[in-house]
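Just so it is clear, the values below take in all heavy atoms, side chains as well, and ignore hydrogens, waters and symmetry mates.
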Amino acid sequence: MDTPPPQEGTRRGSLDRAVWLGGFTAVGLVVAIALRTQQERAIDRAARVVESLPPDPAARVVQHLKTSQLITSRIDTTVRAQEADENWFGSVVATVEAPARLSYGVDVSKLEASRVVFSPVGGICTVRVPEPRRIATEVFTGEEKTMVEISGLRFRALAGEEQLGQARANLHDRALRMRLVGEDLARMRENAREEIADLVRRIVGEGVVVRVNFDEEKGTVASGPQ
(Lines give C-alpha, C1' and ligand atoms only; values in the text may rest on other atoms or scores of the structure.)
Protein backbone atom coordinates (compact mmCIF):
# COMPACT_ATOMS: atom_id res chain seq x y z
CA MET A 1 0.00 0.00 0.00
CA ASP A 2 1.39 3.36 -0.99
CA THR A 3 1.98 5.85 1.82
CA PRO A 4 1.88 9.59 0.98
CA PRO A 5 5.17 11.33 1.42
CA PRO A 6 5.57 13.08 4.80
CA GLN A 7 5.64 16.48 3.18
CA GLU A 8 2.30 15.90 1.45
CA GLY A 9 0.63 14.76 4.71
CA THR A 10 1.96 17.79 6.53
CA ARG A 11 0.67 20.12 3.83
CA ARG A 12 -2.78 18.47 3.92
CA GLY A 13 -2.98 18.77 7.73
CA SER A 14 -2.00 22.41 7.60
CA LEU A 15 -4.63 23.05 4.95
CA ASP A 16 -7.33 21.35 7.05
CA ARG A 17 -6.37 23.41 10.09
CA ALA A 18 -6.40 26.60 8.04
CA VAL A 19 -9.85 25.82 6.68
CA TRP A 20 -11.11 25.00 10.19
CA LEU A 21 -9.61 28.13 11.70
CA GLY A 22 -10.95 30.24 8.83
CA GLY A 23 -14.44 28.86 9.33
CA PHE A 24 -14.26 29.40 13.09
CA THR A 25 -13.02 32.95 12.57
CA ALA A 26 -15.82 33.65 10.08
CA VAL A 27 -18.46 32.34 12.51
CA GLY A 28 -16.95 34.40 15.30
CA LEU A 29 -16.95 37.46 13.10
CA VAL A 30 -20.61 36.97 12.19
CA VAL A 31 -21.55 36.55 15.88
CA ALA A 32 -19.52 39.62 16.82
CA ILE A 33 -21.18 41.69 14.11
CA ALA A 34 -24.63 40.47 15.21
CA LEU A 35 -23.92 41.30 18.86
CA ARG A 36 -22.55 44.69 17.89
CA THR A 37 -25.61 45.42 15.78
CA GLN A 38 -27.92 44.34 18.61
CA GLN A 39 -26.01 46.49 21.07
CA GLU A 40 -26.15 49.51 18.79
CA ARG A 41 -29.90 49.04 18.35
CA ALA A 42 -30.38 48.79 22.12
CA ILE A 43 -28.33 51.95 22.64
CA ASP A 44 -30.32 53.71 19.94
CA ARG A 45 -33.63 52.68 21.54
CA ALA A 46 -32.44 53.83 24.96
CA ALA A 47 -31.29 57.14 23.50
CA ARG A 48 -34.70 57.71 21.91
CA VAL A 49 -36.44 57.02 25.24
CA VAL A 50 -34.14 59.43 27.06
CA GLU A 51 -34.60 62.06 24.38
CA SER A 52 -38.38 61.80 24.75
CA LEU A 53 -38.18 62.86 28.43
CA PRO A 54 -37.37 66.40 29.53
CA PRO A 55 -33.79 66.54 30.83
CA ASP A 56 -34.71 69.06 33.54
CA PRO A 57 -36.12 67.42 36.73
CA ALA A 58 -38.56 70.31 37.13
CA ALA A 59 -39.86 69.72 33.62
CA ARG A 60 -40.31 66.03 34.38
CA VAL A 61 -42.36 66.82 37.47
CA VAL A 62 -44.51 69.30 35.56
CA GLN A 63 -45.05 66.85 32.71
CA HIS A 64 -46.13 64.15 35.17
CA LEU A 65 -48.53 66.47 37.03
CA LYS A 66 -50.06 67.72 33.78
CA THR A 67 -51.18 64.20 32.92
CA SER A 68 -53.44 64.32 35.99
CA GLN A 69 -54.94 67.67 34.87
CA LEU A 70 -57.16 67.99 37.96
CA ILE A 71 -56.11 66.77 41.41
CA THR A 72 -59.15 66.36 43.63
CA SER A 73 -59.84 66.46 47.34
CA ARG A 74 -63.17 66.09 49.09
CA ILE A 75 -64.60 66.82 52.50
CA ASP A 76 -67.68 65.31 54.14
CA THR A 77 -69.78 67.71 56.17
CA THR A 78 -73.39 68.54 57.12
CA VAL A 79 -75.62 71.13 55.48
CA ARG A 80 -78.54 72.74 57.28
CA ALA A 81 -81.51 74.74 56.02
CA GLN A 82 -84.04 76.44 58.25
CA GLU A 83 -87.39 78.13 57.62
CA ALA A 84 -89.50 80.02 60.15
CA ASP A 85 -92.97 81.51 60.29
CA GLU A 86 -94.33 83.72 63.02
CA ASN A 87 -97.69 85.44 63.49
CA TRP A 88 -100.13 86.46 66.24
CA PHE A 89 -101.03 82.86 67.22
CA GLY A 90 -97.53 81.42 67.43
CA SER A 91 -94.35 80.54 65.59
CA VAL A 92 -92.92 77.59 63.68
CA VAL A 93 -89.23 76.88 63.04
CA ALA A 94 -88.46 73.94 60.70
CA THR A 95 -84.91 72.63 60.32
CA VAL A 96 -83.58 70.10 57.83
CA GLU A 97 -80.07 68.64 58.02
CA ALA A 98 -78.40 66.26 55.57
CA PRO A 99 -74.88 64.90 54.92
CA ALA A 100 -73.03 66.69 52.14
CA ARG A 101 -69.84 66.12 50.22
CA LEU A 102 -67.86 69.05 48.86
CA SER A 103 -65.27 68.25 46.20
CA TYR A 104 -62.37 70.55 45.38
CA GLY A 105 -59.87 70.43 42.55
CA VAL A 106 -56.40 71.81 41.87
CA ASP A 107 -55.96 72.54 38.17
CA VAL A 108 -52.42 71.53 37.15
CA SER A 109 -53.10 71.25 33.42
CA LYS A 110 -51.25 74.51 32.71
CA LEU A 111 -48.48 74.18 35.26
CA GLU A 112 -45.12 75.69 34.26
CA ALA A 113 -41.63 74.46 35.10
CA SER A 114 -40.91 77.71 36.94
CA ARG A 115 -43.33 76.53 39.66
CA VAL A 116 -41.06 73.61 40.58
CA VAL A 117 -37.80 74.34 42.42
CA PHE A 118 -35.20 71.82 43.56
CA SER A 119 -32.86 72.54 46.46
CA PRO A 120 -29.64 70.50 46.43
CA VAL A 121 -29.33 71.03 50.18
CA GLY A 122 -31.41 68.48 52.05
CA GLY A 123 -33.10 67.06 48.97
CA ILE A 124 -36.12 69.38 48.86
CA CYS A 125 -38.55 69.90 46.01
CA THR A 126 -40.92 72.88 46.26
CA VAL A 127 -44.01 72.99 44.07
CA ARG A 128 -46.38 75.97 43.77
CA VAL A 129 -49.86 75.18 42.46
CA PRO A 130 -53.18 77.03 42.08
CA GLU A 131 -55.58 77.26 45.00
CA PRO A 132 -58.15 74.42 45.33
CA ARG A 133 -61.53 75.40 43.86
CA ARG A 134 -64.97 73.87 44.39
CA ILE A 135 -65.85 71.53 41.53
CA ALA A 136 -68.83 69.53 42.87
CA THR A 137 -71.43 69.61 45.63
CA GLU A 138 -73.46 66.57 46.68
CA VAL A 139 -76.31 66.51 49.20
CA PHE A 140 -77.56 63.14 50.44
CA THR A 141 -81.21 63.99 51.00
CA GLY A 142 -82.11 60.36 51.65
CA GLU A 143 -80.30 60.65 54.98
CA GLU A 144 -81.83 63.92 56.11
CA LYS A 145 -82.96 64.74 59.64
CA THR A 146 -85.81 67.12 60.39
CA MET A 147 -86.92 69.07 63.42
CA VAL A 148 -89.95 71.34 63.97
CA GLU A 149 -90.23 73.75 66.91
CA ILE A 150 -93.70 75.12 67.65
CA SER A 151 -94.84 77.76 70.08
CA GLY A 152 -98.11 79.54 70.84
CA LEU A 153 -101.46 78.27 69.54
CA ARG A 154 -100.19 76.41 66.49
CA PHE A 155 -101.75 73.01 65.74
CA ARG A 156 -98.93 70.52 66.21
CA ALA A 157 -100.41 67.99 63.77
CA LEU A 158 -100.32 70.46 60.89
CA ALA A 159 -97.73 73.07 61.76
CA GLY A 160 -94.36 73.02 60.10
CA GLU A 161 -95.10 70.96 56.97
CA GLU A 162 -94.93 73.95 54.66
CA GLN A 163 -91.76 75.21 56.34
CA LEU A 164 -90.15 71.78 56.10
CA GLY A 165 -90.87 71.69 52.37
CA GLN A 166 -89.27 75.09 51.90
CA ALA A 167 -86.25 74.08 53.95
CA ARG A 168 -85.80 70.91 51.86
CA ALA A 169 -86.02 72.93 48.66
CA ASN A 170 -83.30 75.28 49.93
CA LEU A 171 -80.97 72.53 51.15
CA HIS A 172 -78.90 72.20 47.97
CA ASP A 173 -78.64 75.96 47.54
CA ARG A 174 -77.33 76.25 51.09
CA ALA A 175 -74.76 73.56 50.32
CA LEU A 176 -73.61 75.45 47.23
CA ARG A 177 -73.10 78.57 49.33
CA MET A 178 -71.17 76.78 52.08
CA ARG A 179 -67.61 77.93 52.63
CA LEU A 180 -65.14 75.74 54.44
CA VAL A 181 -63.54 77.26 57.53
CA GLY A 182 -61.40 76.14 60.40
CA GLU A 183 -60.60 72.43 60.64
CA ASP A 184 -62.64 71.50 57.55
CA LEU A 185 -60.71 73.96 55.41
CA ALA A 186 -57.37 72.80 56.80
CA ARG A 187 -58.28 69.15 56.22
CA MET A 188 -59.35 69.74 52.63
CA ARG A 189 -56.15 71.62 51.82
CA GLU A 190 -54.00 68.99 53.51
CA ASN A 191 -55.69 66.22 51.52
CA ALA A 192 -55.03 68.07 48.26
CA ARG A 193 -51.47 68.83 49.32
CA GLU A 194 -50.72 65.17 50.04
CA GLU A 195 -52.23 64.04 46.73
CA ILE A 196 -49.91 66.42 44.86
CA ALA A 197 -46.88 65.49 46.96
CA ASP A 198 -47.49 61.80 46.30
CA LEU A 199 -47.54 62.39 42.54
CA VAL A 200 -44.31 64.40 42.73
CA ARG A 201 -42.55 61.72 44.79
CA ARG A 202 -43.24 59.17 42.04
CA ILE A 203 -40.84 61.18 39.88
CA VAL A 204 -38.27 62.55 42.35
CA GLY A 205 -38.16 59.54 44.69
CA GLU A 206 -39.55 58.71 48.12
CA GLY A 207 -36.50 60.10 49.90
CA VAL A 208 -37.15 63.67 48.72
CA VAL A 209 -39.04 66.12 50.93
CA VAL A 210 -41.82 67.70 48.85
CA ARG A 211 -43.16 71.13 49.79
CA VAL A 212 -46.47 72.10 48.24
CA ASN A 213 -47.48 75.77 48.16
CA PHE A 214 -50.86 77.09 47.09
CA ASP A 215 -50.86 80.43 45.29
CA GLU A 216 -52.69 82.24 48.08
CA GLU A 217 -50.53 80.78 50.85
CA LYS A 218 -47.72 82.67 52.49
CA GLY A 219 -45.86 79.72 54.00
CA THR A 220 -44.83 76.31 52.77
CA VAL A 221 -45.82 72.94 54.09
CA ALA A 222 -43.48 70.00 53.75
CA SER A 223 -44.49 66.47 52.93
CA GLY A 224 -41.89 63.77 53.01
CA PRO A 225 -40.66 60.62 54.67
CA GLN A 226 -41.43 60.44 58.38
Side-chain angles (χ1 to χ4, degrees), residues 65-111 115 126-201 210-224 226:
L65 289 177
K66 280 184 174 182
T67 61
S68 300
Q69 294 188 347
L70 192 68
I71 299 172
T72 59
S73 173
R74 67 187 187 187
I75 195 84
D76 291 326
T77 186
T78 300
V79 60
R80 172 187 293 184
Q82 194 172 72
E83 289 293 328
D85 180 60
E86 185 173 358
N87 54 35
W88 64 271
F89 54 90
S91 64
V92 176
V93 178
T95 304
V96 179
E97 290 184 353
R101 177 169 294 159
L102 312 181
S103 298
Y104 289 76
V106 178
D107 185 2
V108 292
S109 63
K110 299 178 181 179
L111 207 64
R115 288 175 167 262
T126 302
V127 183
R128 186 164 55 88
V129 296
E131 193 78 9
R133 302 296 180 190
R134 180 89 65 87
I135 57 175
T137 302
E138 300 172 86
V139 178
F140 304 101
T141 53
E143 304 175 39
E144 69 180 28
K145 297 179 180 179
T146 62
M147 181 176 61
V148 178
E149 297 178 14
I150 303 172
S151 64
L153 302 177
R154 294 273 189 173
F155 290 103
R156 294 185 177 275
L158 301 176
E161 288 301 318
E162 181 182 351
Q163 287 74 25
L164 279 174
Q166 292 174 352
R168 286 192 182 97
N170 294 335
L171 204 58
H172 193 266
D173 182 62
R174 294 295 175 89
L176 289 174
R177 289 190 285 156
M178 286 183 70
R179 293 294 177 265
L180 293 182
V181 295
E183 293 183 0
D184 285 345
L185 177 61
R187 185 152 49 97
M188 180 276 294
R189 294 167 72 93
E190 185 58 33
N191 290 344
R193 199 188 312 276
E194 186 54 39
E195 286 290 333
I196 297 168
D198 182 61
L199 288 173
V200 174
R201 281 194 293 269
V210 180
R211 291 178 174 171
V212 179
N213 250 4
F214 295 120
D215 281 344
E216 298 175 14
E217 264 182 341
K218 293 182 179 180
T220 56
V221 179
S223 177
Q226 301 298 318

Gap between atom CG of L171 and atom CD of Q166 - 0.5 Å precision: 13.5 Å
When rounded to the nearest 0.5 angstrom, what is the spacing between OG1 in T141 and CD in E144? 6.5 Å
Closest contact, heavy atoms only, T72 versus E195: O-CG, 4.0 Å
Other residues, nucleotides, ligands: >12 heavy atoms within 6.0 Å of K145 NZ: no
CD1 of I196 to CD1 of I71: how many Å apart, nearest 0.5 Å? 4.5 Å
How close do K66 and V108 get, counting heavy atoms only, and between which atoms? CG-O, 3.5 Å
Between the CZ atom in R189 and the CD atom in E131, the distance rounded to the nearest 0.5 Å is 4.0 Å
Can you tell whether the side chains of R80 and E97 come within less than 4.0 Å, N to carboxylate O? yes
Looking at R115 and D215, does any basic side-chain N land under 4.0 Å from a carboxylate oxygen? yes
How long is the straight-line distance from CE of M147 back to CG of L164, given to the nearest 0.5 Å? 10.0 Å
Which atom of A192 lies closest to which atom of F214, heavy atoms considered: CB-CZ, 4.2 Å
Student check: side-chain heavy atoms of V92 and V148 closer than 4.5 Å: yes
Are L70 and S109 packed together at the side-chain level, in the sense that at least one heavy-atom pair is separated by less than 4.5 angstrom? no
Give me the atom names and distance for the closest heavy-atom approach of V129 to L111. CG1-CD1, 4.3 Å
Could you tell me which non-hydrogen atom of A94 sits nearest to which non-hydrogen atom of A167, and how far apart they are? O-CB, 4.3 Å
Mind checking side chain to side chain contact (heavy atoms under 4.5 Å, CB included) for R134 and listing every partner two or more places apart, or none if nothing turns up? L102, Y104, T137, M178, R179
For V106 and P130, work out which heavy atoms get closest and say how close. CG1-O, 3.4 Å
Is atom CZ of R168 surrounded by more than 12 heavy atoms (other residues, nucleotides or ligands) closer than 6.0 Å? yes
Regarding R193 and E190, does a basic nitrogen lie under 4.0 Å from an acidic carboxylate oxygen? yes
Okay, side chain of S73, backbone of N191: is any donor-acceptor separation there less than 3.5 Å? no
Distance-only polar pair, side chains of E83 and N170, donor-acceptor under 3.5 Å: yes
Just verifying a value: how many Å separate L180 CG and I75 CD1, rounded to the nearest 0.5 Å? 6.5 Å
